[in-house]
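These notes concern the structure reproduced below.
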Amino acid sequence: MSDSVRVRFAPSPTGPLHIGGVRTALYNYLFARKMGGKFLLRIEDTDQARFVPGAENYILESLAWLGISPDEGVGVGGPHEPYRQSERKDLYKAYADKLLADGKAYYAFDTSEDLDAMRASFESQGSAFQYNSLTRVKLKNSIALAPAEVEQLIASGTPYVIRLKVPAKGEVRFQDSIRDWVHVHTSSIDDKVLMKSDGMPTYHLANVVDDHIMEITHVIRGEEWLPSAPLHILLYQAFGWKAPQFAHLPLLLKPEGNGKLSKRDADLGGFPVFPMEWTDPATGAVSKGFKQEGYLKEATLNFLAFLGWNPGTEQEMFSLTELADAFSLERINKAGAKFDVKKAQWFNEQYIKQQDPAALAADYLPNLPADQGLAFVHLFLDRITFPQELAVKVAEFQARPAIYDEAVLASKWNADALSGLQFIAQALPGVESWEPEGIKHAIHEVLEANGIKMGKVMQILRVALSGNGAGPDLMISMQLWGKAEVIERLATALAKFPAL
RNA sequence: GGUCCGUUCGUCUAGGGGUUAGGACACGUCCCUUUCACGGAUGAAACACGGGUUCGAUUCCCGUACGGACUACCA
């Protein structure tokens, strides 16, 4: 079908990809999959000043980690190569020239300093400067200046930009998939710069030209673009092109307080706002990543998808393919969503339990024999949020108690407990089969024979062996410690526990 | 300041002219368990405010308040 869906994710390589950007990529990907269309990745590197080495690679790796794989674009190629805007530079100039020839754009020679001064003077009078139909006739451009003068300026190499000649009167309207009709008067739109004086296009031009050439049918992007969408509509009109369908996504907000989620929140809240760890090439500063923090890709995806979208059913665990099946633009929310770490952690806990225990053991407890690693995974699976906690739990488990839980001792350490422990210490060496049932049976038997209730000593036994008043199943723990170690620990505790 | 966008439990949200306003996270209680965790059950918890339209508005319209984005030769 000729009008099949084509969407794109078009980040700028100016730093690590923000988690909000990842969500935008995800929604584009999901929509493409749902509609049987194509998902493209285009790199918008038209700002030479803000270019950050490694950022493009970071974007590619982050998307690859999550399985948000482009069908076309940087890294995979396709019929519209190149997909990096810096490599398409000449193209944009040709389109800008066409607008110039049609009288829909004009040259402007005002320097940044000129414009800054203009803005300052307007501001001092309490109003805002706009480069528009009212002011352009008084500024230094090919509308206000005589043709000969313009030619002379260009011939002499005076730097210039190309601006869009926004109509003085009229209304721009478009129907956003998420926000429905949005209308704006052209009088509130600036004569935006299309081509910068360095010969590079601005976002506005490059974006519209590429989306048209690459036959993009739906532009799904962050809400920060909503104010410039009317300008883009105007550009499509100036070129005589059909505008794509727009869908402006709600923003991701700070977990506490107001404002959009930022890098600062990560530092403050101790949670990541980037998909993967990022080391700033200039400062060497390291920012946390979901991946390195221990978030599973399935959990990250599921969590992100639900920030601003929901299936309308009560199902909340969704794989990437299930998300693609259930996804629709209509079910995206309008209001911004606060980032909730607790929910992200909950998703992670759910997905950890779904992992293959043997794989978890191999990946996170590589130094243990496979059967032992597996046993520990089973022991701790329900008690961790991140897989790397496994190794910590195991280390704590294996270390002999340095201190004994004071509170438990204070309330449970008594004559019954003492004799119970002593009986257990006597019985343990005789346990033939050192496995949970056998150990439990032996303890039960010796306590019953001496008229002591299990409940009186079990927690004290736990403290004696592990130092803690709470923890995983004691019988399984004892099996894992091993007979000799348990006997040793019990003897130590008996010697160290306070006299009665 | 201007333009545009938004507002249902603390958070993510369902719903939509007449509902006991539903679910999830977090929180409380109970059950399970020798303990903790997991799991199960249960509780507390919301339609920003003011007008209108209507027999009836949380839902539609208009204001107000609050929040947000944008307002660069950045994207």
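Throughout, protein chains are lettered first and strands after them, A, B, ... in sequence-line order, and every chain is numbered starting at 1.
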At 4.0 Å (heavy atoms only), tell me whether [X] reaches a base, stays on the sugar-phosphate, or touches nothing.
X      : result
A:S197 : base
A:N468 : nothing
A:A128 : base
A:G471 : base
A:T313 : nothing
A:G222 : nothing
A:V161 : base
A:Y203 : base
A:L381 : nothing
A:K353 : sugar-phosphate

Take atom [atom1] of [X] and atom [atom2] of [N], then tell me their distance rounded to the nearest Å.
X      : N     : atom1 : atom2 : result
A:L249 : B:G68 : CG    : C1'   : 15 Å
A:L205 : B:C74 : CG    : P     : 12 Å
A:W346 : B:G10 : CH2   : P     : 21 Å
A:E349 : B:C38 : CD    : P     : 7 Å
A:D180 : B:C4  : CG    : P     : 16 Å
A:D116 : B:A72 : CG    : C1'   : 9 Å
A:H204 : B:C70 : NE2   : P     : 12 Å
A:D211 : B:A75 : CG    : C1'   : 14 Å

>> Salt bridge check, A:R8 against A:D211: does any charged N sit closer than 4.0 Å to a carboxylate O?
In response: yes

> Does a side-chain N-to-carboxylate-O contact under 4.0 Å join A:E44 and A:R84?
Replying inline: no

>> If you go through the side-chain atoms of A:R50, does one of them form a donor-acceptor pair with the base of B:C74 closer than 3.5 Å?
In response: yes

>> Given the structure, check if the side chain of A:K343 and the base of B:A26 hold any donor-acceptor pair shorter than 3.5 Å.
In response: no

Let's test this: given Watson-Crick or G-U wobble pairing with both distances under 3.5 Å, identify the partner of [N].
N     : value
B:U64 : B:A48
B:U35 : none
B:C25 : B:G10
B:U20 : none
B:G1  : B:U71
B:U58 : none

OP1, OP2 of [N] versus side-chain N and O of [X]: anything below 4.0 Å?
X      : N     : answer
A:N333 : B:A14 : yes
A:K338 : B:G67 : no
A:R331 : B:G15 : yes
A:R163 : B:C73 : yes
A:R119 : B:A72 : yes
A:S112 : B:A72 : no
A:N310 : B:A14 : yes
A:K412 : B:U34 : no
A:K334 : B:C4  : no

>> Rounding to an integer number of angstrom, what distance separates B:C38 and B:C70 when you compare their C1' atoms?
In response: 48 Å

>> Suppose you measure atom C1' in B:U20 against the same atom in B:U53; what distance do you get, rounded to whole Å?
In response: 28 Å

>> How about CD on A:Q175, more than 12 heavy atoms from neighbouring residues, nucleotides or ligands closer than 6.0 Å, or not?
In response: yes

>> Using a 6.0 Å cut-off, check whether atom NZ of A:K93 has over 12 heavy atoms from anything other than its own residue.
In response: yes

>> Testing the basics here: between A:E223 and A:P250, what is the closest heavy-atom pair and its distance to 0.1 Å?
In response: OE1-CA, 3.9 Å

>> If I compare all heavy atoms of A:R42 with all of A:D210, which pair ends up nearest, and what's the gap?
In response: NH1-CB, 3.2 Å

> Which of these nucleotides, B:U34, B:A37, B:C74, is closest to any side-chain atom of A:L474?
Replying inline: B:U34

> Do the two ring centres, one from A:F290 and one from A:F274, sit under 6.0 Å apart?
Replying inline: no

> Between A:H248 and A:F246, does the ring centroid distance fall short of 6.0 Å?
Replying inline: yes

